[in-house]
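For ligands, and for the atoms within them, numbers begin at 1 and follow the listed sequence. Computed from heavy atoms alone, side chains included, the values below leave out hydrogens, waters and symmetry copies.
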Amino acid sequence: MKAALLLCVLLYLNSAVNGGLTGNTVFFPQASANSYVKLIPLKPLSLDAFTLCLRLSVDPDVVNQPKRETILFAYRTQNFDELNVWQEKGKISFYLSNSDGALYSIPLLSVFRTNLCLTWESSTGLAAFWVDGKRSTLQVYRQGHRVQSGGAVLLGQDPDSYLGDFDINQSFVGEITDVNMWDSVLTGSQIRHFNEKEWVGPTANVLNWNTMQYEVKGNAIVAPEKYI
Ligand SMILES: *[C@@H]1O[C@H](CO)[C@@H](O)[C@H](O)[C@H]1NC(C)=O
């Protein structure tokens with residue numbers, strides 16, 4: 001009896017947490033306040049530098065409305081939005097730890113896939129977005145800051161509390177794939193290889209689309225490899 005119960009629990013855990021999304025794209029077909037994918041990092045996000053890369057396409061009729069704020073990536077601890085990436089008010093932006101954001105006038109996301117990377121390092125504060133391998137002008141942002149560990153990484157929703165308080169009007173609508181994060185700033189040459197899907201740089205060691213575990217909630221569709 002106990003063994004059967006244990007088996008049921010194991011089967012349940014197995015269905016809730018999966019490993020690796022190689023070749024998959026996650027599709028959020030419509031705005032919602034309950035659909036998201038939680039990514040389980042390979043190591044705690046205690047970071048004084050990072051490179052975050054992902055590929056995105058959107059429903060522009062929803063996401064590109066002039067007044068809409070759309071979450072692209074969220075990492076939140078119990079009390080703080082530690083690292084959020086947005087498309088908002090005609091710009092792409094990121095925020096570290098509840099402060100004013102760094103906004104970039106770069107091309108908005110579209111119905112076709114964009115390769116988007118973000119690099120930041122604490123020692124200089126230098127931060128840039130990379131769009132299909134092209135780098136934006138640098139900005140200096142949150143020099144001396146450190147991203148804190150102990151939070152949850154979400155795609156699809158902006159949590160205003162830990163894993164909760166989602167706003168349908170900030171939800172992501174479209175597809176996200178190849179979310180990878182490193183604990184260092186990669187070189188332009190390495191980032192351009194991400195763009196071409198010919199990876200030559202160091203293995204992504206914070207988030208790794210090919211190996212990390214994830215949980216899907218609500219109406220987020222993990223589409224198979226043929227759509228990549
Ligand atoms: C979302 O936006 C629509 C249209 O602007 C508005 O009617 C609705 O109240 C908003 N919903 C929430 C939860 O803010």
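One side chain, E175 or T25, offers a donor N or O that lies under 3.5 Å from an acceptor on the other. Side-chain polar atoms of S122 and D48 form no donor-acceptor pair below 3.5 angstrom. In the model, S99 has a side-chain atom that pairs as donor or acceptor with a side-chain atom of R142 under 3.5 Å.
In this structure, atom 14 (O) of ligand 1 has a protein heavy-atom contact shorter than 4.0 Å. Within a 4.0 Å radius of atom 4 (C) of ligand 1, the protein contributes no heavy atom.
Nearest to atom 10 (C) of ligand 1 among the protein's heavy atoms is N169 ND2, 2.4 Å.
The main-chain N or O of G20 is never found under 3.5 Å from a side-chain atom of W209 such that the two would form a donor-acceptor pair.
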